[in-house]
Amino acid sequence: MTTSRDPDRLVRAWLELMPSEAPDRVIDAVRQAVETAPQVRRPIGAAFRRSFQMNRIAIATASALVVLVLVGGAFVLTRSNVSQIGGPSSSPGSSVAVSPSASGAAGAMPAALQGVWLGSGRQIPGTTAGAGTQLHIGPASMALTPSTAGNRNLMAVTASAEGSQFQVQTGSDPTDGCQPGKTGTYTYLLSASGQTLTIGGEDGCPQRAQLFGGTWWLSDCHTQDAAPCLGQLDPGDYGSQYFASVGAQGVAWAPRFGALTFTVPAGWASDADWPSLFSLAPAADYAAAPLHGTPAEDIAVYSNVVAESETTPCSGQANDSVAPGAGAYLAWLRTVPGLSVGSTSTVSIGGHQGLSVDITVPQAPTELCDGTDAVIEYLLSIGWGTSGASTGIQAHAIGAGNHDRLILLEMPSGSLTGIVITTNDSGRFDAFAQQAMPIVASFQFKDAFPAP
């Protein structure tokens, strides 16, 4: 897919979901995205996603998939047992130490370590349990920011490096239970790709050692500015930071690490992690995608799927006449003018039952979406804001020459989660689906809205 993400809509939707304050780096990235991002146009006929804000009950999108085992018209996606989300599957021998001199200053933290790293939830006092965590590493400092904590930098310390170790020290004021002057010494391993960081060590403040230690993944997503996502991935097991997969309509969203967990081999990237959309793409397609663009081939996972009204092209409004459930949704899909919808198969992914169909567009639509795109927009996805109001809406469309396989999964909340395998070259679909299948088979979904 070659698509542009509307930075204005993304920014508005994301800021409405987040706390009232945001880290400076996020604000700067948002400002730059809005003011300087080129207006990338989609080629006629290319499938695309778009984001927009709505203050009404909304909707969700999904897309497609292929099967591992086909028996009597049904297929079941299975996965290997992943007991823990612990980072790449590569051995420690594939990791490398980084010379501090690479940072340009003696004793400074290595340049390869400086940046924002994402990790699983840490039990930081006074923060929401289950939320993911960011590790901010600067030339001479480190701090943690839970994904629910806005611009609060917690466990802040000064830091300096020597060889494959770094030292931290609490400043003059007590910090989150660590008394002034408390020091710690840590070792680290950086994967050969520079995408995965493993930290361990001893600290005069034991609580800090537990929080800094473990596996971290570099946040260097170049297609998404307003919120962190991972970008290039080492092979291994991962969890989403912001995606909300299981919530019922109107239930307030909150970040929860691992609402979607998955396993990838080498050669994949994550290019979107929003409350209503999570996306994975081949590394080469991800690298070739422009800023705010969508890779030519990807796996997109959408929450809270509902049908979109076809009264006008790309209306952005739910079709209230479609009854809940995957069966009713697919029955409606077969009535959408211009779509060719294949036979239905039953499917099970991550313990959730659902239905799957292939979707193509034999001829270019005669009406244009947004006045410029010859596509059919048939899916909407909604992320619920912290107040329970609808926001963070994503839409999915398909054009001539595209091929989607749509899976709709029935969730315990009564909502639908959608998975789309899609490519802008229908001749490539079978080969791409074969690559994507094992990843989709690894998907596990966790309740994104735990009881307080």
Side-chain angles (χ1 to χ4, degrees), residues 83-103 105-147 149 152-219 234 236-239 257-258:
S83 60
Q84 182 176 357
I85 301 171
S89 56
S90 55
S91 66
S94 64
S95 301
V96 295
V98 180
S99 170
S101 62
S103 66
M109 297 295 283
L113 301 190
Q114 295 178 32
V116 178
W117 300 83
L118 304 183
S120 59
R122 264 70 170 172
Q123 297 302 311
I124 304 174
T127 64
T128 304
T133 313
Q134 299 178 26
L135 173 65
H136 298 255
I137 301 180
S141 64
M142 292 176 59
L144 298 176
T145 301
S147 58
R152 292 172 58 199
N153 287 328
L154 307 178
M155 308 303 296
V157 294
T158 59
S160 61
E162 181 178 350
S164 60
Q165 294 184 330
F166 63 84
Q167 293 76 41
V168 302
Q169 181 172 344
T170 310
S172 59
D173 297 321
T175 303
D176 306 304
C178 295
Q179 296 302 309
K182 290 291 185 180
T183 62
T185 300
Y186 294 82
T187 58
Y188 65 88
L189 285 177
L190 187 65
S191 66
S193 66
Q195 300 299 123
T196 305
L197 176 64
T198 304
I199 297 176
E202 297 182 356
D203 200 312
C205 177
Q207 175 189 9
R208 190 164 59 198
Q210 295 178 357
L211 297 175
F212 283 171
T215 300
W216 300 92
W217 305 287
L218 182 64
S219 175
D234 285 328
D237 309 321
Y238 295 88
F257 177 80

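Excluded from the calculations below are hydrogen atoms, water molecules and symmetry mates; all remaining heavy atoms, backbone and side chain alike, are included.
S164 OG to L189 CG: the interatomic distance, rounded to the nearest 0.5 Å, is 7.5 Å. Here the straight-line distance linking atom CD of Q169 with atom SG of C178 works out to 12.0 Å at 0.5 Å rounding.
Side-chain atoms of T170 do not come within 3.5 Å of backbone N or O of P180 as any donor-acceptor pair. When atom types are taken as modelled, the side chain of R208 and the backbone of K182 share a donor-acceptor pair closer than 3.5 angstrom. At distances below 3.5 Å, not a single donor-acceptor pair connects side-chain atoms of Q134 with backbone N or O atoms of P146.
Put simply, the side chain of Y186 does not reach to within 4.5 Å of the side chain of Q165, judged on heavy atoms. A 4.5 Å side-chain heavy-atom check between F257 and L118 finds every atom pair outside the cut-off. Side-chain contact between T196 and T215 is present, with heavy atoms from C-beta onward closer than 4.5 Å. Counting heavy atoms from C-beta outward, F166 and M142 have side chains that approach closer than 4.5 Å. Contact of the C205 side chain with the Q179 side chain is not registered, since no non-hydrogen atoms from C-beta on lie closer than 4.5 Å. Side chains of L113 and L197 form a contact here, defined as non-hydrogen atoms less than 4.5 Å apart. Considering only heavy atoms from C-beta on, M109 comes within 4.5 Å of I137 through its side chain. Using a 4.5 Å heavy-atom threshold, the side chains of Y188 and T198 count as separate.
Put simply, the residue from L144, T133, L135 that forms a side-chain contact (heavy atoms from CB on, under 4.5 Å) with L211 is L144.
For Q210, the side chain to side chain contact (heavy atoms under 4.5 Å, CB included) criterion is met by no residue, not counting sequence neighbours.
Heavy atoms only, all atoms of each residue included: S191 and D234 are closest at OG-OD2, 2.8 Å. A108 approaches A161 most closely through the heavy-atom pair O-CB, 3.6 Å.
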Hey, mind stepping through V168 and T158 against side chain to side chain contact (heavy atoms under 4.5 Å, CB included) and telling me if it holds? CA-CA 5 Å; V168 302; T158 59; over 6 Å; no
